[in-house]
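Heavy-atom basis, side chains included; hydrogens, waters and symmetry copies ignored. All figures in this text were calculated on a predicted structure; none of them were measured in a lab.
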Amino acid sequence: MLLRVRVTLPDRPGTLGQVARTLGVSGADIVQVVVLERLGGRAVDDFTVVWPGAARVEGLLAGLAAIPGVRVDGVWRAIGAPTTTGQDAELLAQVAANPTDGVATLVDAVPGLLAADWAVAAVVPVDWASRAGGGTATIGHASWRAPEPPRLPEVTPLRARTLTMADGTHYAIAPFGRAGLVLVVARDHTEPLTAAGFHATEVDRLAQLVRASAVILGDRLDLVGPRAVTTVT
């Protein structure tokens, strides 16, 4: 299976090599490395690896923790092959080619792009700002792995951000800027793996996809129909 491994490590020569060697010794086959952040002498890297299905991750975590200065931020199952920003352009081209199903196309594709479990296009009342708590969110479209009914965090105020709920589920939220429509992406907490929260660069990537899709779809966003869901706090 594919795993995503996020580590924070000292940004100095040799440390990345130590992490890569430890992954290899533990049985992981590295297929992609993405640098999410380099700041103040530290780096945050995402490794996508092929992991033996029968192997336990405890040995991998112990090996990484033994490297001086290295912290494991999360290990979770990835959906599909690792992706790059080039696939963002391909996704937007698909949205433009079939705008009738544009929102559904975006919602179905985003979990794979961001190594998430599921996504939904949520709709909030147009007068959400005058309501206590922002009003009840409803669903316009849900990806195939979304729970039924999807349990959403409080999506108002409408701005791009990340949230983590008490049950360990991580959410990234990005508004379309029209019709009260918001894209919500989730990483579930599934023992024994613990997913990392969405990094700022992932939220920015999601927001860019949503803004571009909103420009492409225009008035079609007004046609996204709601159905009721549960909001969690």
Side-chain angles (χ1 to χ4, degrees), residues 1-88 90-91 108-119 143-145 147 162-172 185-206 209:
M1 63 180 175
L2 280 177
L3 289 182
R4 185 68 58 90
V5 182
R6 180 169 299 172
V7 298
T8 297
L9 65 158
D11 189 13
R12 60 171 181 259
T15 305
L16 182 59
Q18 287 181 280
V19 171
R21 283 193 296 273
T22 300
L23 289 168
V25 169
S26 301
D29 181 14
I30 300 173
V31 294
Q32 186 185 59
V33 182
V34 175
V35 179
L36 296 175
E37 177 183 311
R38 300 181 73 176
L39 182 66
R42 304 283 289 175
V44 179
D45 293 353
D46 268 3
F47 294 81
T48 302
V49 303
V50 177
W51 183 252
R56 298 173 62 87
V57 299
E58 286 82 356
L60 169 62
L61 298 177
L64 292 172
I67 304 173
V70 170
R71 183 185 74 233
V72 179
D73 295 330
V75 179
W76 68 102
R77 189 163 185 169
I79 300 173
T83 62
T84 64
T85 54
Q87 286 169 299
D88 293 3
E90 175 61 27
L91 172 57
D108 290 339
V110 159
L113 295 180
L114 295 181
D117 290 294
W118 52 272
S143 66
W144 71 277
R145 289 171 57 93
T162 182
L163 295 171
T164 298
M165 307 310 295
D167 64 359
T169 302
H170 301 292
Y171 295 93
V185 188
R187 287 181 186 145
D188 293 326
H189 177 74
T190 306
E191 295 288 353
L193 304 180
T194 302
F198 289 92
H199 190 268
T201 57
E202 294 177 305
V203 177
D204 288 345
R205 184 183 183 187
L206 178 66
L209 281 168

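Remark: D73 CG to R6 CZ distance equals 7.0 Å, nearest 0.5 Å. Rounding to the nearest 0.5 Å gives a distance of 3.5 Å between CD1 of I67 and OG1 of T22. Atom CG in D46 sits 8.0 Å away from atom OG1 in T201 (nearest 0.5 Å). One finds the CZ atom of F198 at 10.5 Å from the CG atom of L163 (value rounded to the nearest 0.5 Å). Between atom CG of residue L209 and atom CG of residue L113 there is a gap of 6.5 Å, rounded to the nearest 0.5 Å. Taking CZ of R38 as the reference point, atom CG of L9 lies at 9.5 Å (rounded to 0.5 Å).
Across all their heavy atoms, G69 and R42 have their closest contact at O-NH1, 2.8 Å. Across all non-hydrogen atoms, the minimal contact from S26 to G59 is OG-O, 4.4 Å. For the pair P68 and R12, the tightest heavy-atom approach, listed with the atom from each and the gap, is O-NH2, 4.0 Å. The heavy-atom pair separating W118 from Y171 by the smallest distance is CH2-CE2, 4.0 Å. For A116 against V185, the heavy-atom pair with the smallest separation is CB-CG1, 3.3 Å. Residues L36 and H199 approach most closely at O-CE1, 3.5 Å, considering heavy atoms.
Within the 4.5 Å cutoff, side-chain heavy atoms of V19 are placed close to those of V70. Using a 4.5 Å heavy-atom threshold, the side chains of V5 and L64 count as touching. No side-chain heavy atom of L23 sits less than 4.5 Å from a side-chain heavy atom of W51.
With no hydrogens or angles considered, no side-chain donor-acceptor pair links T190 and D188 at under 3.5 Å.
By the side chain to side chain donor-acceptor pair (under 3.5 Å) test, W76 is found to be paired with no residue, residues two or more places apart in sequence or in another chain being considered. Not counting sequence neighbours, R77 has no partner by the salt bridge (charged side-chain N to carboxylate O under 4.0 Å, His left out) test.
In this structure, T48 contributes its side chain and V31 its backbone to no donor-acceptor pair below 3.5 Å.
Evaluated for a side chain to side chain contact (heavy atoms under 4.5 Å, CB included) with L206, the options T162, D88, V110 yield exactly one hit, V110.
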